[in-house]
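What follows is one structure encoded as structure tokens, with my remarks underneath.
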Amino acid sequence: MATFGKHVKGMTTGLGVTLRTMLKPAVTVQYPHEKEEVAPRSRGVIALKEENCTVCMLCARSCPDWCIYIEGHKEKRPARREGGRERTVSVLDRFDIDYALCMYCGICVEVCPFDALHWSPEYEYSEFSIASLLHDMEKLGEWEATVPEAEPLELGAEVKKAKK
Amino acid sequence: MSPTKARGETPGFQVDPKLYTPLADSKMNVELDTGDMILNLGPQHPATHGTLRLVVRLDGERVIKADPVIGYMHRGYEKLTEYRTYPQITTLINRIDWLSSFANEVPFIAAAERLMDIEATPRALYIRTILTELARISTFLLFLGDMALQVGAITPAFFGFRDREYALNLIESATGGRFHPNYNRIGGIKEDLPWGWIAECRNTMRKMLESCDEFEDLVLGNPIFQQRTRGVGIIPPELGASYGVSGSNLRASGVDWDLRRDGRPDLPYNEIDWKVWTHPDGDSFSRYWVRLQETRESARMILQLLDQIPSGPIMSKVPRIIKVPEGEIYVNAENPLGEMGYYVISKGATGPFRVKIRTASFSNVSILPWLVQGIYVPDIITVLASLYFILGDIDR
Amino acid sequence: MTHLLALNMPGGWGTTLAIKTLLVMGLIPVGALLLGYTFLLKMMSHMQSRVGPMDPGGFHGWFQLIGDGIKFIQKEDIIPAGADRRVFKMAPAIVVMSTFLMFVVLPAGPNAVVAGALHGGTKASNGIGGIDVGIFYALAVSSLSVIGVLMAGWASSNKYALIGALRAAAQLIAYELPLVLAVVGVVVQSGTMNLQGIVYAQKNGSIFGWSGLGSPFILTQFVGFALFMVAAQAELTQPPFDMPVAESELVAGYMVEYTGFRFLFFFIGEFGTAFVYAGLAATLFLGGWALPGVNGQIANWIGPLVLFAKIMVVAFLMFWARFTYPRLREDQLQSLAWKWLIPISLVNILLTGAFKVAF
């Protein structure tokens, strides 16, 4: 008789759980009518700030999938001061990221020494043809507008002093 | 502490000795020669979490012999690691066991750190532990829902996925990726936690504890679930240990072995107060029960860790170009699925010479042919669900 | 409508027959659709913390099932190569036929019952309409679906379909008995097998002398009600008794080779039968179309609505159990029926008989 009582209790508590869940509001976010808020650090798409890039090729070399294609050439610029040497600068011709290959690991953003690549939480850039997933320099520059501000860190984090 | 400690008396529950005997010479009644049927639980199947193929030989409803066929998801991880640097490998190995992806990175990074003889900062270690336990919670919640689904209840699966989202949101706000955090670096972690993360984490852990209670009410207390899983798929502890079964599967057979406590972790498990859960029966019910208790335990551990988290830097001093000195080392850790280990051979370059990955699910699945002998066909599904393997973990 | 059913129509029995046929053929799919939408799509979703279909049709996805129906109808009619063609085609029709046949005895009002109110008035013995052997006929006809299931499994030329069909047949036959025996208690208490008679017995009865609410049999026959619900759940092969269909390695059991509109027949059969069993439970235990205080001709208009509301309540219980419980293994299912439900139902009949004689 005790097991019968235990069985009845087991069956009814289960029913209670489903009934309670039915009476609470559903948790569904009805995409595309409503959109969820993504975390600012979310790795959505990579944006390029062209003026910072010096064509050092570190990002292309460190990408595990080799999905960044960079081409550049060297140009001569006039000297900065009177009587000085002519400067050579690297100019970026082509900077493509193939998002069909990209695995969103973030190594390129991390290793860039000149802060030219940034993460942006944008994720709605699906295309009908896989070739259009190759984002060229201009498109990567457009993503810069969606890069969020650096957010404050948690309590206890080390506060890095800016270099003079 | 040896993992082959014999288990004590099983209180209350008696094991049916018929279920232990392998039906090696199947007693086929020659007069009514029903013949065997070969059932192919093929690579595409709702019950085999991924592309596992189980070729089962049946005599009526009972299984005579079962052969798992693996390799449908082999991605060549160990070959990939031969040609990549340590940061690149860290991103790739996230994807071995994709449900608890953070936990895959930790032993590998620990191996590289030990070879280089550097220690991560205390804050980094605490954050690593918190995220590993979060990964454990998210994996186990999926298990709790999924095993109920395989046994026939459709509702708990949705609860599992819904509650997992809270843990994944936390991981995303800290690391940027829900499933593949890629957050560990040699010497520490990539960047610090965002503002408000600790308070959010505390709230989420309370929600996790409530949802564990819900699972207990809905699934564990259900007499039908208990009838389906009690006594099904019993793993004797010595046999399990000899096959290499690890993690919650072994603890559910009564073996008190947990690498977080007994191994050589660099992570601060000794500084918090927690308990290793075991269960004396070795059946599917106890595997479910142990994982439910471990989910609760992980939530409590995270709450303690959050109280004790030290402040400071998250990255210790490492050279700019990382070259790991020559040497070999094996580091294992308690992944949610079981024991995961990396044997790293380094020849001083920026990437390892050879990495051998010891995954938990590979050994867990190896006991399947023994385990399903003599049980009914619906019980195969229950056993598969309770062992909880991930194909990416088996095939790498 | 009462004219239609009480037969004061010009044109005689031919027209009436046509109208009644159309009524039954129309109401079953509509009932199936309503039950499917409310419970399968919306109630299940909310029990799982989600919203279900929202877009088809604009307002909370009401068009989803109709759209599914249209999709099934326009699919290619595939019959497996080794299948027995005639039997394969007939099987879904037989499964659905038992639903339609059961529906004709369900009374929706004092005069609103399809069967029995034939040309020339009622054929029942005491003038209250309906067939005399109402519930006996309904339960007998409900067993026809077992033949359809076996035909489907055998004709599919697929060993997994055959296993599923045999399991389903064993289950359906095993649970017929608790179903029938649970109803016997009601029959004993009301004194008649005529469904209209059972409704009147509840309407005109009294609880300990107070006749305000009539005497719904759920109060005295609560054991019978529980048995009926469990047996109905098994007859519909719904969880926790859905081993024949939702079995992980049998995919869909006996229905595995069916596509297109034949599968639609099975689907309508499943939900239509749920509708009818809920209707039977509402009539036998909750009082059917009877509402205390509503008498006379007005009951013919309110009756169907009341019956529908009661059907929704009973169906809620059935689907609630469906979404909560895991499934029983085949041998556990059989032992539940033979070792527990049948003895309990026999004891229930004994006690009902004893109380009927005593009070």
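In the text below, chain A, chain B and the rest are named by the order of the sequence lines, each starting its count at 1. For the numbers below, each heavy atom of this structure counts, side chains included, while hydrogens, waters and symmetry mates do not.
The neighbour count for A:Tyr125 OH, taken as heavy atoms of other residues, nucleotides or ligands under 6.0 Å away, is above 12. Remark: A:Lys9 NZ is loosely packed, at most 12 non-hydrogen atoms of other residues, nucleotides or ligands lying under 6.0 Å away. By the neighbour-count criterion of 12 heavy atoms within 6.0 Å, atom NZ of A:Lys49 is sparsely surrounded, having that number or fewer from other residues, nucleotides or ligands. The environment of A:Tyr69 atom OH is dense: over 12 non-hydrogen atoms of other residues, nucleotides or ligands sit within 6.0 angstrom. Enclosure of atom CG in A:Leu23 by more than 12 non-hydrogen atoms of other residues, nucleotides or ligands within 6.0 angstrom is indicated. No more than 12 heavy-atom neighbours from other residues, nucleotides or ligands sit within 6.0 angstrom of CD on A:Glu37.
C:Ser49 and A:Thr28 get closest at one heavy-atom pair: O-OG1, 3.9 Å. Closest of all the heavy-atom pairs between A:Leu15 and C:Tyr325 is CG-OH, 3.3 Å.
For the atom pair A:Met22 CE and C:Phe316 CZ, the distance stands at 4.0 Å (nearest 0.5 Å).
In terms of heavy-atom pairs under 4.5 angstrom with chain C, the leader among A:Met11, A:Gln30, A:Lys24, A:Arg20 is A:Met11.
At least one side-chain heavy atom of C:Asp55 sits under 4.5 Å from a side-chain heavy atom of A:His33.
Using a distance-only test at 3.5 Å, with no hydrogens or angles considered, no donor-acceptor pair links the side chain of A:Thr18 to the main chain of C:Thr324.
Residue A:Leu19 touches chain C through both its backbone and its side chain, counting heavy-atom pairs closer than 4.5 Å.
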